[in-house]
Amino acid sequence: FLTFEGDLKWDHTDLTYRVLNYSPDLDRAVIDDAFMRAFKVWSDVTPLTFTQIYSGEADIMIMFGSGEHGDGYPFDGKDGLLAHAFPPGAGVQGDAHFDDDELWTLGTGIEVKTRYGNAGGASCHFPFVFEGRSYSRCITEGRTDGLPWCATTASYDTDKRYGFCPSELLYTYGGNSDGSPCVFPFVFDGTSYDACTTDGRSDGYRWCSTTASFDRDKKYGFCPNRDTAVVGGNSQGDPCVFPFTFLGQSYSACTSAGRQDGKLWCATTASYDDDKKWGFCPDRGYSIFLVAAHEFGHALGLDHSSVREALMYPMYSYVEDFQLHADDIKGIQYLYGRGSGPEPTAPAPVPTEESEPEPSGEPEPTEEPEPSEEPEPVPTEAGSTSTTEEQEEEEEEEVTPEPTVQPSPVDPSRDACTERSFDAITEINGELHFFKNGKYWTRSSFWKSGLQGAFSIADTWPGLPAIIDAAFQDVLTKRVFFFAGRHFWVFSGKSVLGPRGIEKLGIGKEAGRISGALQRGRGKVLLFSGESYWRLDVKVQRVDKGYPRATDDVFTGVPLDARNVFLYQDKYHFCQGSFYWRMTPHYQVDRVGYVKYDILQCP
Amino acid sequence: PLPERPRALVTFPGELASAVSDVELAESYLQRFGYTSAAERRSGGRRAALGRALRRMQRRLGLPDTGRLDAGTLATMRAPRCGVPDVGR
């Protein structure tokens with residue numbers, strides 16, 4: 001996961017939202033329910049609460065619109081961009097906008113919720129049978145008032161269950177007419193209209209007067225989309241007109257004729273040839289719930305994730321049984337902490353065979369041997385196979401003495417699991433080393449020895465400062481390089497060269513703290529600082545030409561301000577806060593997890 | 001069998017976007033979602049810049065890292081998505 005630059009987040013947890021307008025595609029109740037469920041996705045895993053308000057300024061203002069809708073980031077018609085949202089903050093920040101040139105559904109096709117009738121507001125059942133014929137859309141057959149209706153079971157003939165479909169003849173939404181139906185014809189600006197119109201508006205929404213004269217009464221409402229309403233084209237929201245004429249031929253259903261992409265379309269007047277009015281026929285549409293849950297993630301401070309299965313991945317895909325991905329959970333909990341759910345279960349002192357693990361929100365640590373009562377320090381002496389020539393070269397250089405910080409006595413029982421972060425992490429002699437303020441711990445995945453330490457940095461590598469920024473072991477010579485501030489040290493066993501300035505390596509003033517190193521084959525190491533990295537030729541102890549380079553150019557998808565960067569088990573690790581991003585040698589982020597639980601394997 | 005009638009193709013009003021070439025689509029996509037600007041700053045010609053930006057996009061979105069405008073990348077660019085940029089503010 002990623003958060004926005006500066007970790008933008010709300011400074012309070014009791015957030016409000018307000019729905020400024022509704023899409024004509026769905027019943028207002030369906031939209032409200034979808035938004036409520038979308039917020040619940042996030043409130044279930046954080047301390048955040050969401051309350052809908054109906055007036056005034058809410059933290060999260062939600063609106064539907066199309067094209068340029070007032071914020072300078074226009075939508076692009078059907079498909080393509082579906083919605084966008086702004087990171088937390090005042091004004092437009094935190095707001096979520098949905099493109100109303102899309103067909104908003106619950107993801108599986110048009111949702112036709114009925115009104116009145118005898119089905120209690122149930123949705124249409126398509127297809128349904130009426131007088132022996134099968135229908136897959138709302139019909140006006142069997143009625144003289146022109147109101148479209150549908151059966152809510154597979155057969156009206158058998159069950160006699162029905163309801164009325166959305167229609168401007170039945171009701172309007174929004175406006176100032178309390179849902180009254182349209183009155184046709186009506187007069188607007190001196191012109192008579194006998195259908196809903198977009199005239200007089202710049203936002204493309206279809207409206208009608210609810211009295212015979214808008215000019216006189218100023219009463220109006222917005223027209224709900226019929227189930228046959230087209231999407232996009234140049235007649236958004238108008239119903240298909242069947243039959244219609246296209247290139248001289250008559251069509252009584254949606255067709256892909258005239259198109260290369262196979263999409264179904266229809267004319268919205270009786271003759272496409274004459275009027276050129278058209279739109280796409282309804283498809284599965286986009287789930288307002290899924291898109292809203294994604295956008296609300298932005299509104300809470302999450303940026304796009306690189307994990308394809310995550311909700312915050314930028315591309316839409318429909319999933320039937322939605323569950324929030326672990327990556328999303330980690331992201332939102334990074335910003336706001338955990339929810340009010342059950343606390344993680346404390347590990348039992350002595351697990352028994354009968355005991356079953358309690359479910360908890362914590363990542364499950366992998367199996368770990370029980371710690372011994374007295375942790376045995378493992379030897380950490382670095383190898384000493386450097387060439388004499390190199391040592392002599394280095395010894396000849398002038399060394400600026402650096403005041404060495406005298407470490408305070410190290411408490412061997414000091415637990416690495418209580419540390420919130422580490423100064424440096426690196427693998428030395430096959431063991432991960434975690435450095436923090438004069439101390440270090442080791443962990444060997446090979447020996448399954450668990451976490452060892454704390455040990456004193458000064459005891460193992462005399463002369464180093466208490467706080468080091470980065471370290472790496474040269475693959476060829478086994479020498480260990482340490483970095484602190486703008487200085488570095490090279491250890492062969494307990495013999496040391498340094499401190500020397502990192503400018504001796506060719507790293508200029510633009511570099512601050514070296515945050516980590518990645519060994520790249522034999523004799524090359526990448527050194528990271530800020531948002532850049534250098535490639536060090538270890539033998540000549542000089543960075544290669546053409547560096548620094550931007551970290552994001554190659555290591556895309558990891559935090560650019562990682563605190564620790566290290567190679568472990570042939571994969572690149574970038575740590576920020578409590579989390580790490582693991583990247584394959586092919587630069588694919590394949591895991592995001594907790595340093596504490598996944599790498600340190602704390603209980 | 002009767003010979004198939006030639007299919008007439010129509011440019012529907014309001015749908016001019018369909019005439020955009022793959023490369024134009026890619027350049028527009030990479031710029032819109034924040035992949036181009038950083039690569040362009042380091043210049044090296046339009047084609048090289050496109051290749052670099054494509055790699056950034058492919059890595060960021062978990063696609064095979066080819067640096068080319070392959071079918072999978074184009075399909076991703078045509079997929080419905082959120083309008084928030086992937087890179088940058």
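Every chain is numbered from 1, with letters handed out A, B, ... down the list of sequences.
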Roughly how far, to the nearest 0.5 Å, is the OH atom of A:Tyr313 from the CZ atom of B:Arg60?
-> 10.5 Å

Would you mind telling me which of A:Ser306, A:Gly77, A:Ala85 has the largest number of heavy-atom pairs within less than 4.5 Å of chain B?
-> A:Ser306

State, with a plain yes or no, whether a side-chain heavy atom of A:Pro314 is found less than 4.5 Å away from one of B:Leu61.
-> yes

Which atoms of A:Phe98 come close to chain B, meaning under 4.5 Å heavy atom to heavy atom: side chain ones, backbone ones, both, or neither?
-> neither

Option in A:Phe4, A:Trp265, A:Phe246, A:Phe75 with maximal non-hydrogen atom pairs under 4.5 Å from chain B = A:Trp265

Under a 4.5 Å cut-off applied to non-hydrogen side-chain atoms, are B:Arg56 and A:Val554 in contact?
-> no

Take A:Arg308 and B:Leu63 through the test side chain to side chain contact (heavy atoms under 4.5 Å, CB included) and record every step on the way to the result.
-> CA-CA 10 Å; A:Arg308 277 193 185 209; B:Leu63 303 171; 2.9 Å; yes

Where on A:Asp552 is there a heavy atom nearer than 4.5 Å to chain B: the side chain, the backbone, both, or neither?
-> both

Given side chain to side chain contact (heavy atoms under 4.5 Å, CB included), test B:Arg78 with A:Asp79 step by step and report yes or no.
-> CA-CA 9 Å; B:Arg78 293 198 172 104; A:Asp79 302 323; over 6 Å; no

Could you go through the side chain to side chain contact (heavy atoms under 4.5 Å, CB included) check for A:Thr556 and B:Met57 one step at a time?
-> CA-CA 9 Å; A:Thr556 311; B:Met57 174 216 164; over 6 Å; no

Do you know which of A:Gly80, A:Gly557, A:Ser305, A:Gly232 has the most heavy-atom pairs with chain B at a distance under 4.5 angstrom?
-> A:Gly80

Looking only at heavy atoms, which two atoms of A:His84 and B:Cys82 are closest? And how far apart?
-> CA-SG, 4.4 Å

Indicate yes or no: does A:Asp553 engage B:Arg52 in a salt bridge with an N to O separation below 4.0 Å.
-> no

Side-chain contact, heavy-atom cut-off 4.5 Å: A:Gln588 with B:Asp65?
-> no

Between A:Phe86, A:Phe555, A:Tyr272, which residue shows the highest count of heavy-atom pairs closer than 4.5 Å to chain B?
-> A:Tyr272

Output, in order, the C-alpha distance, side-chain angles, deciding distance and verdict of side chain to side chain contact (heavy atoms under 4.5 Å, CB included) for B:Arg81 and A:His294.
-> CA-CA 10 Å; B:Arg81 60 161 291 159; A:His294 174 102; over 6 Å; no

Residue part contacting chain B, namely of A:Glu295, when any heavy atom lies under 4.5 Å | side chain

Checking heavy atoms, do the side chain of B:Arg55, its backbone, both or neither come under 4.5 Å from chain A?
-> neither

